[in-house]
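A short worksheet on the structure shown next.
The figures here come from the full heavy-atom set of this structure, side chains too, leaving out hydrogens, waters and symmetry mates.
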Amino acid sequence: MANEEESPGNVRRQLGKLFEKSLRATVPSENVEPLVGACYGKFGDYQCNNAIGLFGKIKGKSAEFKNPNSLGQAIARNLPPSEMVESHSVAGPGFVNVVLSKTWLAKSIQKMLIDGIQTWALELPIKRAVVDFSSPNIAKEIHVGHLRSTIIGDTLVHMLEFSNVEVLRINHVGDWGTQINLFCSFVLFPLIHITCNE
């Protein structure tokens with residue numbers, strides 16, 4: 001089991017280390033945490049979004065960067081070479097987009113298959129978790145939203161169990177307060193009243 005820092009499955013963290021070096025080289029006066037996230041659409045696989053916020057901090061301090069895009073270009077230029085990055089580009093106001101290397105992905109998957117999938121599991125700081133999911137009110141009609149909640153909850157449980165967390169699955173079945181009150185008011189209490197009068 002790998003810890004979070006060295007897990008080969010944590011691509012975002014590995015890219016974060018590369019962008020941390022790039023940010024230190026680009027703006028050494030600022031201590032910046034890299035903002036790396038998944039990229040959607042045609043731009044790439046991951047994206048570093050530091051340029052806009054960082055430009056606001058250094059604006060006026062340095063004449064080197066005229067706008068967030070020029071800062072993004074500098075971050076991209078200072079990105080250290082890595083076998084995991086096939087290409088990178090800058091879009092819009094300085095978003096640095098990264099395309100992962102297919103060769104690196106293939107090697108990583110091959111290594112996972114040889115070493116076992118458990119080597120990709122993160123070592124989480126928690127040992128036990130409670131996941132409450134589904135929660136349909138069984139006194140009402142069940143709909144597709146309950147199925148969605150069940151699938152999401154079950155997926156979270158599997159991810160936690162994969163990381164060796166002991167998981168307690170809880171399925172709260174909904175609130176019966178109104179139904180019990182109606183039953184007591186119209187069925188049970190009249191029966192008690194009749195029995196007491198006899």
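- At a threshold of 4.0 Å, the pair Arg169-Glu161 counts as salt-bridged, since one of the basic side-chain nitrogens sits closer than that to a carboxylate oxygen.
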Using side-chain contact (heavy atoms from CB on, under 4.5 Å), reason through Trp104 and Val11 one step at a time and then give a plain yes or no.
CA-CA 11 Å; Trp104 177 81; Val11 176; 3.9 Å; yes
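- Applying the side chain to side chain contact (heavy atoms under 4.5 Å, CB included) rule to Ala25 yields the partners Asn78; only residues at least two apart in sequence or on another chain are considered.
- In the hydrophobic clustering (ILVMFWY side chains linked at under 4.5 Å, chained through shared members), Leu156 is joined by Ile152.
- Residue Phe162 is grouped with residue Ile109 when hydrophobic side chains (ILVMFWY) are merged at heavy-atom distances under 4.5 angstrom, including chains of intermediate members.
- Hydrophobic clustering (side-chain heavy atoms under 4.5 Å, transitive across Ile, Leu, Val, Met, Phe, Trp, Tyr) keeps Val98 apart from Phe43.
- Remark: Glu166 pairs with Arg128 by the salt bridge (charged side-chain N to carboxylate O under 4.0 Å, His left out) rule, at least two apart or across chains.
- Evaluation of the side chain to side chain contact (heavy atoms under 4.5 Å, CB included) rule for Ile151 yields Leu147, Thr155 as partners, not counting sequence neighbours.
- In the hydrophobic clustering, where aliphatic and aromatic side chains (Ile, Leu, Val, Met, Phe, Trp, Tyr) are joined below 4.5 Å either directly or transitively, Ile52 groups with Phe95.
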Evaluate the criterion side-chain contact (heavy atoms from CB on, under 4.5 Å) for residue pair Asp154 and Val131; output intermediate values, then yes/no.
CA-CA 9 Å; Asp154 195 49; Val131 179; over 6 Å; no
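- Under the 3.5 Å distance criterion, the side-chain polar atoms of Asp45 are left unmatched by any main-chain donor or acceptor of Ala38.
- Residues forming a side chain to side chain contact (heavy atoms under 4.5 Å, CB included) with Ile114 (at least two apart in sequence, or on another chain): Gln110.
- Residues forming a side chain to side chain contact (heavy atoms under 4.5 Å, CB included) with Asn69 (at least two apart in sequence, or on another chain): Asn67, Gln73, Val90.
- Applying the salt bridge (charged side-chain N to carboxylate O under 4.0 Å, His left out) criterion to Glu83, with sequence neighbours excluded, gives Lys107.
- At distances below 3.5 Å, at least one donor-acceptor pair connects side-chain atoms of Ser101 with backbone N or O atoms of Thr103.
- Among residues two or more places apart in sequence or in another chain, the salt bridge (charged side-chain N to carboxylate O under 4.0 Å, His left out) test is passed with Lys21 by none.
- In this structure Glu64 satisfies the salt bridge (charged side-chain N to carboxylate O under 4.0 Å, His left out) test with no other residue, sequence neighbours excluded.
- A single hydrophobic cluster is seen to contain both Met84 and Leu23, as judged by linkage of ILVMFWY side chains at heavy-atom distances under 4.5 Å, directly or through other members.
- Among pairs with a residue in residues 87-98, none fulfils salt bridge (Lys or Arg N to Asp or Glu O under 4.0 Å), at least two apart in sequence or across chains.
- When hydrophobic residues (I, L, V, M, F, W, Y) are linked wherever their side-chain heavy atoms come within less than 4.5 Å, Val144 remains an isolated member.
- Here the side chain of Ser87 pairs no donor or acceptor atom with the backbone of Val99 at under 3.5 angstrom.
- Using a 4.5 Å cut-off between side-chain heavy atoms of Ile, Leu, Val, Met, Phe, Trp and Tyr, with links allowed through other members, Phe55 and Leu35 fall into different hydrophobic clusters.
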How far apart are the C-alpha atoms of Tyr46 and Asn97, what are their side-chain angles, what is the distance that settles it, and do they pass the side-chain contact (heavy atoms from CB on, under 4.5 Å) test?
CA-CA 6 Å; Tyr46 284 87; Asn97 300 310; over 6 Å; no
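- Taking all atoms of both residues into account, the shortest heavy-atom contact from Thr26 to Ser22 is OG1-O, 2.7 Å.
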